[in-house]
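We count residues from 1, following the sequence as given. Since the structure is predicted, the reported quantities are computational estimates derived from the model, not experimental observations.
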Amino acid sequence: MSQQTLDRALAPAARRRSGLILAIILTCQLMLILDATVMNVALPRIQSDLGFSATGLSWVMTAYSLVFGGLLLLGGRAGDLFGRRRMFVAGTALFTLASLAGGLADSAALLIAARALQGVGAAMAGPSTLALVTTTFTEAKARVRALALFSAMSSGGFAIGLIVGGLLTEWISWRAALFINVPFGLAIVLLAPRFVPEPQRRRAHLDLPGAITGTLGVASLVFAFTHAASDGWGNPVTLGTLATGLVVLAGFVAIEARSEMPLVPLRLFADRNRSAAYVNFFLGPMAMMSMFFFLTQFMQDIRHFAALATGFAFLPMAALIFAMSRLVPRLLPRYGPKPLAVTGSLLMVTGVAWLALLTTDSTYFPALLGPLLLMGLGGGLSFAPLNVIVMATVPTDDAGAAGGVLQTMQQVGSTLGLGVLITVFGSVTRSSGSTGAQLTVDGMTAAFATSAVFAACTVLVALTFRRQVAATASARP
């Protein structure tokens, strides 16, 4: 039998194995992203069952995002040094155990602790998911397709979280939104060591000063943004932690510039396209999170949608994001990242600006469905090229760090955006002459208008991309 015949005979088995590897990685990524929003529609029932105060309830969401965002840089570099598959499996195992503990929690304190522990596991596993995609799929077309699907999971996961949360809360219990992670997490932990290849590890020491300052700086900023959402930007705790975060991050950059083996190699930002992609991965979630947070409340509090109906209202958007993930790998080699990112960002601007026109009488069609469709198209077009720009040409040794920075930008951007938008919402509702539902809608539309400004900034950044059709299509690790 000739070598060519043998290769043809083995090709179906290789494709099946590659498909299984991608399914394992994407399932983990979806699980981590889902938990950022899956509890949203369940918050009223959680408050009733566990006796949360009105201010303490926000920590069900904040405990996860704060720890997840704060530890991502450390988790990314740890995967590079200690083994990406090892960190992927260990992080997923911890996330799964924490999900089980959260589902069994019988007090507010235990639930918040479990959510924080979920954040630790997510920060360990998250950067390795993207790095494993990059190092496993080395053929150009396969890599672009895998990165597009990864982007769909990352972008659409927020919307899917609302759908899943609504289904489980309405039909079973809010606890099921945590328990559902357990079977999927166990499957990943059992299958990953057998099928997912372990990239070659670097023999090096962890940048401990960089790890401490980077983690403390990011965590301080995330805490400051989250605290501002509930207590305002003039609060002494908000200002103190914000100043601390900025000072510590300045020290972190100085340490990284001198370190022989930095936590975040500053060479990652030497490429103009990659730096611009990082900026848009920061700005894009700032615009998107307002839609998930305020639109969920609009549906439930103003239009009186049930939890299940609220979740399904986001289904068209999620479907479009996944549909675009199938189309982008065909468009990217032909047109390059710039036209796709610019077009997607313009669609996002239009969608969020449309939401700024909501009134108390706005119905699902067209006032809500139209913006959701535009955001689905725009998110699918704009975010998938960003993943490719960041990861397609990054050196293999830096893949984990590059993925950690990317996901940190996404996490911190969404938290910062929400803090700013809630501040806008509060300022408008305090100064508006309206009352009742109209007062709430006035605050929401002001927040959506601010989100449109964030989205417009992504258009400006996307315009700076250099056209790299050939480089993107033929990238190798």
Can you give each donor-acceptor pair under 3.5 Å made by side-chain atoms of residues 341-358, sequence neighbours left out, with the distance rounded to 0.1 Å?
{"unit_1": "Thr343", "atom_1": "OG1", "unit_2": "Pro339", "atom_2": "O", "d": "2.7"}
{"unit_1": "Ser345", "atom_1": "OG", "unit_2": "Ala341", "atom_2": "O", "d": "2.8"}
{"unit_1": "Ser345", "atom_1": "OG", "unit_2": "Thr458", "atom_2": "OG1", "d": "3.2"}
{"unit_1": "Thr350", "atom_1": "OG1", "unit_2": "Leu346", "atom_2": "O", "d": "2.9"}

Check: When you measure from the side chain of Arg303 to the backbone N and O of Phe298, does any donor-acceptor pair fall under 3.5 Å?
Finding: no
Minimum side-chain heavy-atom gap [X]-[Y] below 4.5 Å:
| X | Y | answer |
| --- | --- | --- |
| Leu416 | Leu221 | no |
| Leu377 | Leu381 | no |
| Phe448 | Met444 | yes |
| Thr96 | Leu100 | no |
| Arg466 | Asp271 | yes |

Spatial distance of atom [atom1] ([X]) from atom [atom2] ([Y]) [nearest 0.5 Å]:
| X | Y | atom1 | atom2 | answer |
| --- | --- | --- | --- | --- |
| Ser151 | Met391 | OG | CE | 12.5 Å |
| Met61 | Asp35 | CE | CG | 8.5 Å |
| Met409 | Gln407 | CE | CD | 12.5 Å |
| Asn280 | Phe465 | CG | CZ | 5.0 Å |
| Thr359 | Gln438 | OG1 | CD | 7.5 Å |
| Tyr64 | Phe95 | OH | CZ | 4.5 Å |

Checklist line | Worked check of side chain to side chain contact (heavy atoms under 4.5 Å, CB included) between Ile321 and Phe383 | finding: CA-CA 10 Å; Ile321 288 177; Phe383 286 118; over 6 Å; no
Next item on the list: Any chance you could lay out the side chain to side chain contact (heavy atoms under 4.5 Å, CB included) test for Phe179 and Ile172, step after step, and finish with the verdict?
Entry: CA-CA 11 Å; Phe179 286 144; Ile172 306 175; over 6 Å; no
Notebook entry, point to check: Which is it for Ile112 and Phe52 under the side chain to side chain contact (heavy atoms under 4.5 Å, CB included) test, yes or no, and what are the steps along the way?
Noted result: CA-CA 10 Å; Ile112 290 174; Phe52 272 95; 3.6 Å; yes
Next item on the list: Mind running side chain to side chain contact (heavy atoms under 4.5 Å, CB included) on Asn181 and Gln118 for me, showing each step along the way?
Entry: CA-CA 11 Å; Asn181 292 326; Gln118 278 186 304; 3.6 Å; yes
Notebook entry, point to check: With Tyr364, which residues qualify under ring-ring contact (aromatic ring centres under 6.0 Å, His included), at least two apart?
Noted result: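 With neighbours one apart ignored, the set is empty.
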Donor-acceptor pairs are to be reported for all side-chain atoms of residues 306-317 against protein atoms at under 3.5 Å, with residues two or more places apart or in another chain.
{"unit_1": "Thr310", "atom_1": "OG1", "unit_2": "Ala306", "atom_2": "O", "d": "2.9"}

Check: Out of Leu168, Leu104, Leu111, Val38, which residue meets the side-chain contact (heavy atoms from CB on, under 4.5 Å) rule with Leu178?
Finding: Leu111
Next item on the list: Check the angle between the aromatic planes of Trp59 and Phe223 and answer parallel, tilted or perpendicular using the 30° and 60° thresholds.
Entry: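 Answer is tilted, since the angle falls between 30° and 60°.
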Note to self: Could you tell me if Gln411 and Ser65 have a donor-acceptor pair between their side chains, going purely by distance under 3.5 Å?
What the structure shows: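 Their side chains do not contain a donor-acceptor pair, so the 3.5 Å distance test is not met.
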